[in-house]
**Q** 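One structure is given below, represented as structure tokens, and several questions about it will come after.
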Amino acid sequence: MFEKRLLAAAGKSIRTLYSQDFDLSRLTIEKTKKEIEGDYTLVVFPLLKLSRKNPEQTACELGEALMKELPEISTFKVIKGFLNLVLADDYWLGFLGSNFSKEDFGFSLVTRDEKVVLEYSSPNTNKPLHLGHIRNNLLGYSLSQILKATGYPVVKVNLVNDRGIHICKSMLAYARWGEGETPESSGIKGDKLIGKYYVLFDKKYKEEIKDLMEKGLTADEAALQSPLLLEAREILRKWEAHDPETVQLWKMMNGWAYKGFTETYKRLGVDFDHIYYESETYLLGKDLVLAGVENGALRQRDDGSIWIDLTSEGLDEKLLLRSDGTSVYMTQDLGTAQLRYDEYHPSQMIYVVGNEQNYHFDVLKRALLKLNKPYASRIFHLSYGMVELPEGKMKSREGTVVDADDLMEEMYSTAADMTRELGKASDFPAKEAEKLFEMIGLGALKYYILKVDPKKNMLFDPKESIDFNGNTGPFIQYTFARISSLITKAVSLQIPIVPGLPLSDYSLLPSEKETIKLLMSFPHVLQQSADELNPAIVANYVYELAKTFNQFYQEIPVLKEENPGLRQLRIRLSVFTASVIRKSLQLLGIGTPERM
RNA sequence: GGUCCCGUAGCUCAGUUGGAUAGAGCAACAGCCUUCUAAGCUGUGGGUCGCGCGUUCGAAUCGCGCCGGGAUCACCA
């Protein structure tokens with residue numbers, strides 16, 4: 001890595017120039033801004049106290065010294081306190097020549113011992129997946145790809161929330177008004193069918209409350225006394241008591257939900273290594289909590305409920321076990337954390353969960369810390385922001401949710417329309433065309449969502465999301481497709497692409513050099529996105545790469561270049577770019593079409 | 001009210017962890033296809049980086065205080 005050698009050389013030069021050591025961490029080396037001539041820039045302001053000269057003089061003498069140390073530096077330019085180093089074209093050509101055909105460029109070759117358990121998706125089985133889940137799933141899947149590429153064995157897990165009062169509501173509505181309807185009989189996808197009854201419950205429940213209030217009850221009293229709600233609670237009680245009839249209905253309806261989810265996941269392109277079901281884990285964690293009382297970390301109140309006191313850390317007291325001995329959400333999460341630790345001994349346990357649960361995860365971590373669990377510090381909550389619509393927040397009750405399946409279908413048909421409108425893919429066999437539309441439509445959706453910093457709230461504008469021009473997925477896919485067809489043409493013209501053939505003595509044009517620089521930074525970008533658990537870094541990078549390559553492609557001939565050496569150089573540049581685009585998009589879960 | 005997050009062009013977003021004249025896309029306008037795919041490229045206009053004070057050679061970036069928006073603080077999940 002040139003930056004490291006440059007830093008070392010700078011240290012040495014400073015020592016000889018000023019006969020003093022200098023804390024190199026105070027020295028910044030960065031890529032030179034585009035508008036300015038140079039490749040790397042060293043900021044010399046921090047050196048002024050040592051040199052006792054003005055910024056220009058200091059930069060000049062350091063530049064002279066560095067040129068003697070590093071042969072790659074061909075010249076340098078000084079602007080104010082900025083030492084801009086220009087590297088010889090041979091340096092860039094050498095990098096291109098020795099890396100363009102490496103299939104694994106940027107990816108880690110070694111696999112570490114430390115596993116990462118990555119939880120994402122975690123749906124409720126009482127309603128279908130919507131746009132919010134899409135962001136969650138895309139982030140989770142992309143992160144798994146990024147972490148794998150940087151050498152971590154990743155275990156993708158999904159904790160399905162398949163029990164609880166909300167499921168019982170759907171069950172009750174179905175039992176009462178369902179008339180034996182099934183996905184097969186109605187032609188409605190399983191998860192949608194369950195969602196229908198969940199909505200129906202809510203409607204009937206509201207009517208009931210309204211009636212009760214007309215009889216003089218307050219809103220709170222009515223909400224608690226509603227016979228429908230009481231009956232749903234009774235179903236929950238029966239379920240927990242393993243009542244056969246209740247369990248049978250529950251199994252049947254959950255089966256519909258899973259089947260529906262599986263379809264959605266498949267189309268979205270996400271998958272899991274291990275699926276946990278809350279119905280199997282919801283009793284976990286009690287032992288942990290009771291043990292905490294034993295050793296004094298937790299406090300039991302007179303009514304039997306168990307609490308953790310975090311007031312000294314600026315938080316509140318939080319319930320960990322109800323007075324009747326039953327679990328709350330937190331109890332279960334304590335238990336499943338232990339379960340995962342026992343099963344995988346991971347170095348990191350990542351939870352992709354929305355930022356409305358920041359407080360919950362804060363408490364979870366501190367509670368495990370208090371219980372002296374070794375894995376407490378390995379928990380990381382990847383908190384992502386909400387997805388909002390132009391008309392505001394999504395509200396399931398007001399019917400403003402964007403359904404995941406509908407959205408994907410719409411992306412598909414928009415891609416199909418757009419492609420036909422442009423007169424492309426007219427010679428594709430039907431199956432090929434379908435695959436292409438799917439790839440483009442989902443590429444647009446995935447890129448639109450992943451390009452935004454996960455922690456920020458984002459706006460989902462339907463009009464904008466189906467735009468295929470500019471900073472979009474299809475733009476990047478298109479760049480890839482053009483390179484692919486260029487390479488195909490090169491092969492058919494029998495132009496050899498020979499790895500290892502040295503290139504030298506060509507003077508690089510600006511857009512060629514820019515592209516090479518970007519390609520060179522790919523490993524660093526990948527590492528950074530892994531460190532920060534942030535796919536948006538890769539997304540923004542690959543857009544920049546495609547944009548820069550397009551500039552090159554537009555203005556400079558490749559196959560039409562008559563000088564064989566130059567032609568070779570440009571073919572390599574194209575091959576390399578295509579490879580890095582493909583890998584970057586793969587990290588985002590986006591496909592790359594050979595033609596489009 | 002307490003805690004946490006966010007505020008950058010009309011809109012959607014970047015900004016390499018403190019560096020130079022703050023960048024892209026969309027939208028608007030003007031150009032470029034007889035030449036490797038025009039889902040492309042080039043150009044023009046568009047900014048009090050929410051406001052103020054501080055830290056320093058240097059602040060969109062760090063600290064403090066305001067203003068505005070959001071999340072959360074259940075014997076819910």
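Just so it is clear: chains get the letters A, B, ... in the order the sequence lines come, proteins before strands, and each one is counted from 1.
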**Q** Would E388(A) and K393(A) pass as an ion pair if we require N to O under 4.0 Å?
**A**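 K393(A) and E388(A): not salt-bridged.
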
**Q** Would you kindly give the CE-to-P distance between M394(A) and A71(B), to the nearest whole Å?
**A**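 Whole-Å distance recorded here is 13 Å.
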
**Q** It should be established whether K451(A) places a side-chain nitrogen or oxygen under 4.0 Å from OP1 or OP2 of nucleotide A24(B).
**A**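 So the side-chain polar atoms of K451(A) never come under 4.0 Å of the phosphate oxygens OP1 or OP2 of A24(B).
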
**Q** Taking any heavy-atom pair under 4.0 Å as a contact, classify K33(A): base, sugar-phosphate, or nothing.
**A**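 Base, at least one base atom sits under 4.0 Å.
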
**Q** For the side chain of M418(A), starting at C-beta, report the closest nucleotide among C75(B), A39(B), A20(B).
**A**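 The listed nucleotide nearest to M418(A)'s side chain is A39(B).
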
**Q** Once the angle between the rings of F82(A) and F45(A) is folded into 0 to 90°, is it parallel (under 30°), tilted (30 to 60°) or perpendicular (over 60°)?
**A**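 Perpendicular, since the angle between the ring planes exceeds 60°.
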
**Q** Can you identify which nucleotide, out of U12(B), G70(B), C57(B), has its nearest atom closest to the K49(A) side chain?
**A**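 Output: C57(B).
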
**Q** Would you please confirm or rule out a distance under 4.0 Å between OP1 or OP2 of A39(B) and any side-chain N or O of Y478(A)?
**A**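 Yes, Y478(A) has a side-chain N/O under 4.0 Å of OP1/OP2 on A39(B).
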
**Q** For I14(A) and L62(A), work out which heavy atoms get closest and say how close.
**A**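 Minimum heavy-atom contact is CG1-CD1, 4.2 Å.
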
**Q** Roughly how far apart, to the nearest Å, are A20(B) and C26(B) at atom P?
**A**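 These two P atoms come out 26 Å apart once rounded.
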
**Q** Which nucleotide, A71(B), G23(B), C41(B), lies nearest any side-chain atom of K547(A)?
**A**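 So the side chain of K547(A) is nearest to C41(B).
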
**Q** Does R482(A) put a side-chain nitrogen or oxygen below 4.0 Å from OP1 or OP2 of A38(B)?
**A**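 Result: yes.
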
**Q** For the side chain of V558(A), starting at C-beta, report the closest nucleotide among A20(B), U16(B), C36(B).
**A**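 That would be C36(B).
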
**Q** Does the ring of F480(A) carry R582(A) above it, NZ/CZ under 6.0 angstrom from centre and within 45° of its axis?
**A**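 The answer is no; the distance or angle limit is not met.
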
**Q** Look at all strands and tell whether V43(A) reaches a base, only sugar-phosphate, or nothing, counting heavy atoms closer than 4.0 Å.
**A**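 The residue V43(A) makes base contact.
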
**Q** For P55(A), which contact category applies under a 4.0 Å heavy-atom criterion: base, sugar-phosphate, or nothing?
**A**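 Result for P55(A) = nothing.
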
**Q** Determine: side-chain N/O of K456(A) to OP1/OP2 of C13(B), distance under 4.0 Å, yes or no.
**A**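 Checking C13(B) against K456(A), no side-chain N or O comes under 4.0 Å of OP1 or OP2.
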
**Q** Phosphate oxygens OP1/OP2 of A39(B): is one of them under 4.0 Å from a side-chain N or O of N469(A)?
**A**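 No, because none of the side-chain N or O atoms of N469(A) sits under 4.0 Å from OP1 or OP2 of A39(B).
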
**Q** In whole Å, what separates the C1' atom of U44(B) from that of G7(B)?
**A**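 That atom pair is separated by 29 Å.
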
**Q** I'd like the C1' distance from G63(B) over to A71(B), given in whole Å.
**A**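 To the nearest whole Å, 25 Å.
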
**Q** Could you tell me how the ring of F552(A) sits relative to the ring of F549(A): parallel (under 30°), tilted (30 to 60°) or perpendicular (over 60°)?
**A**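 Ring orientation of F552(A) relative to F549(A): tilted.
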
**Q** Go through residues 159-171 of chain A and report each residue with a non-hydrogen atom lying under 4.0 Å from RNA chain B, sorted by number.
**A**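 Listed by number, they are N161(A).
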
**Q** Is the number of heavy atoms from other residues, nucleotides or ligands under 6.0 Å of R301(A) CZ greater than 12?
**A**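 Counting neighbours around CZ of R301(A), more than 12 heavy atoms of other residues, nucleotides or ligands fall under 6.0 Å, so yes.
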
**Q** How far does the C1' atom of U17(B) sit from the matching atom of G58(B), given to the nearest Å?
**A**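 After rounding to an integer number of Å, I get 16 Å for this pair.
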
**Q** What about T41(A), does its side chain sit under 3.5 Å from the base of A20(B) through a donor-acceptor pair?
**A**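 Per atom types, the contact qualifies.
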
**Q** What nucleic acid atoms does K393(A) come within less than 4.0 Å of, heavy atoms only: base, sugar-phosphate, or nothing?
**A**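 Sugar-phosphate contact only - K393(A) comes under 4.0 Å of backbone atoms but never of a base.
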
**Q** Kindly say whether, by distance alone, the side chain of D467(A) makes a donor-acceptor pair under 3.5 Å with the base of A27(B)?
**A**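 It does not, because no donor-acceptor pair links the side chain of D467(A) to the base of A27(B) below 3.5 Å.
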
**Q** Between D39(A) and K517(A), does any side-chain N to carboxylate O distance fall below 4.0 Å?
**A**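 K517(A) and D39(A): salt-bridged.
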
**Q** Using the C1' atom as the point on both nucleotides, what is the distance between U21(B) and G40(B), in whole Å?
**A**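 So the two C1' atoms sit 29 Å from each other.
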
**Q** Check every strand shown and say whether A490(A) touches a base, only sugar-phosphate, or nothing at a heavy-atom separation below 4.0 Å.
**A**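 Since no nucleic acid heavy atom lies under 4.0 Å of A490(A), the category is nothing.
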
**Q** For V558(A) versus R567(A), what's the shortest heavy-atom pair and its separation?
**A**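 Closest approach of V558(A) to R567(A): O-CG, 3.2 Å.
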
**Q** Would you indicate, yes or no, if A71(B) has its OP1 or OP2 atom less than 4.0 angstrom from a side-chain nitrogen or oxygen of K455(A)?
**A**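 Answer no for this pair, as no side-chain N or O of K455(A) is under 4.0 Å from OP1 or OP2.
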
**Q** What stem regions, each of at least 3 consecutive Watson-Crick or G-U pairs below 3.5 Å, can be found for RNA chain B?
**A**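 Counting only runs of 3 or more consecutive pairs, the stems involving RNA chain B are B:1-7 with B:67-73, B:10-13 with B:23-26, B:28-32 with B:40-44, B:50-54 with B:62-66.
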
**Q** Base, sugar-phosphate alone, or nothing: which one does D453(A) contact when heavy atoms must sit under 4.0 Å apart?
**A**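 It contacts sugar-phosphate atoms only.
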
**Q** Base, sugar-phosphate, or nothing for Y543(A), non-hydrogen atoms under 4.0 angstrom?
**A**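 Result for Y543(A) = sugar-phosphate.
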
**Q** Are more than 12 heavy atoms, taken from residues, nucleotides or ligands other than E391(A), located less than 6.0 Å from that residue's CD atom?
**A**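 Counting other residues, nucleotides and ligands, CD of E391(A) exceeds 12 neighbours.
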
**Q** Are the side chains of D316(A) and Y359(A) in touch, meaning some heavy atoms are under 4.5 Å apart?
**A**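 Yes; the side chains approach each other to less than 4.5 Å.
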
**Q** Going by atom types alone, do N136(A) and Y384(A) pair a side-chain donor with an acceptor below 3.5 Å?
**A**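 Distance-only check passes for N136(A) and Y384(A).
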
**Q** Does F45(A) lie flat on the base of G19(B), that is, centres under 5.5 Å apart and planes under 30° off?
**A**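 By the stated criterion, F45(A) and G19(B) stack.
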
**Q** Does the side chain of S485(A) get closer than 4.0 angstrom to OP1 or OP2 of U37(B) through an N or O atom?
**A**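 Yes, such a contact exists.
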
**Q** Decide yes or no, distance alone: a donor-acceptor N/O pair under 3.5 angstrom between the base of A39(B) and the side-chain of T419(A).
**A**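 Under the 3.5 Å cut-off, the side chain and the base do form a donor-acceptor pair.
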
**Q** Measuring to OP1 and OP2 of A71(B), would you say a side-chain N or O of Q357(A) lies under 4.0 angstrom away?
**A**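 Checking A71(B) against Q357(A), no side-chain N or O comes under 4.0 Å of OP1 or OP2.
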
**Q** Which one, G19(B), U42(B), C36(B), comes nearest to the side chain of K560(A)?
**A**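 Among the listed nucleotides, the one closest to the side chain of K560(A) is C36(B).
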
**Q** Test F475(A) against every option in F468(A), Y447(A), Y448(A), Y543(A) by the ring-ring contact (aromatic ring centres under 6.0 Å, His included) rule and name the one that passes.
**A**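 So the option named by the test is Y543(A).
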
**Q** Assign C4(B) to syn or anti; the rule is syn for a glycosidic angle within 90° of 0 and anti otherwise.
**A**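 Anti, which is what one calls it when the glycosidic angle falls more than 90° from 0.
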
**Q** May I ask you to evaluate whether R322(A) reaches the phosphate of C76(B), defined as a side-chain N or O under 4.0 Å from OP1 or OP2?
**A**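 Result: yes.
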
**Q** Output the single nucleotide from U17(B), G70(B), G40(B) whose closest atom is nearest the side chain of F475(A).
**A**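 Nearest to the side-chain atoms of F475(A), counting from C-beta on, is G40(B).
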
**Q** Given C36(B), C73(B), C41(B), which nucleotide is nearest the side-chain atoms of Y553(A)?
**A**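 In terms of side-chain proximity for Y553(A), the closest of C36(B), C73(B), C41(B) is C36(B).
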
**Q** With a sphere of 6.0 Å drawn around CD of E35(A), does it hold more than 12 non-hydrogen atoms of other residues, nucleotides or ligands?
**A**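 Count over threshold, so yes.
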
**Q** For the base of U37(B), is there a side-chain donor-acceptor partner from K424(A) under 3.5 Å away?
**A**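 Looking at the base of U37(B), it does pair with a donor or acceptor on the side chain of K424(A) (distance under 3.5 Å).
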
**Q** Under 4.0 Å between any heavy atoms, over every strand shown, what does I440(A) touch: base, sugar-phosphate, or nothing? Just pick one.
**A**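 I440(A): base contact, heavy atoms under 4.0 Å.
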
**Q** Sticking with atom P, work out how far U61(B) lies from G54(B), rounded to a whole angstrom.
**A**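 Roughly 14 Å separates the two P atoms.
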
**Q** Since syn is defined as within 90° of 0, does U17(B) count as syn or as anti?
**A**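 This nucleotide is in syn.
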
**Q** Using atom P of each nucleotide, how far apart are G43(B) and G52(B) to the nearest Å?
**A**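 Going atom to atom, P in each nucleotide, I get 34 Å.
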
**Q** If you only use heavy atoms from C-beta on, which nucleotide in U37(B), A20(B), C75(B) is closest to the side chain of T32(A)?
**A**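 The listed nucleotide nearest to T32(A)'s side chain is A20(B).
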
**Q** What does M596(A) touch in the nucleic acid at a heavy-atom separation under 4.0 angstrom: a base, only the sugar-phosphate, or nothing?
**A**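 Counting heavy atoms under 4.0 Å across all strands, the contact made by M596(A) includes a base.
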
**Q** Side chain of L486(A) only, please: which of G25(B), U21(B), C36(B) is the nearest?
**A**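 The answer is C36(B).
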
**Q** Would R163(A) count as a cation-pi partner of W250(A), with NZ or CZ less than 6.0 Å from the six-membered ring centre and within 45° of the ring normal?
**A**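 No.
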
**Q** Scan I36(A) against the nucleic acid and name what it touches under 4.0 Å (heavy atoms): base, sugar-phosphate only, or nothing.
**A**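 Since a base atom lies under 4.0 Å of I36(A), the category is base.
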
**Q** Please tell me if K463(A) has a side-chain N or O lying less than 4.0 Å from either OP1 or OP2 of C11(B).
**A**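 For C11(B), OP1/OP2 do not have a side-chain N/O of K463(A) under 4.0 Å.
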
**Q** Output the single nucleotide from A71(B), U21(B), U12(B) whose closest atom is nearest the side chain of N355(A).
**A**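 Nearest to the side chain of N355(A) among the choices is A71(B).
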
**Q** For atom P, what is the distance between U35(B) and G23(B), given to the nearest Å?
**A**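 Between the two P atoms, the distance is 36 Å.
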
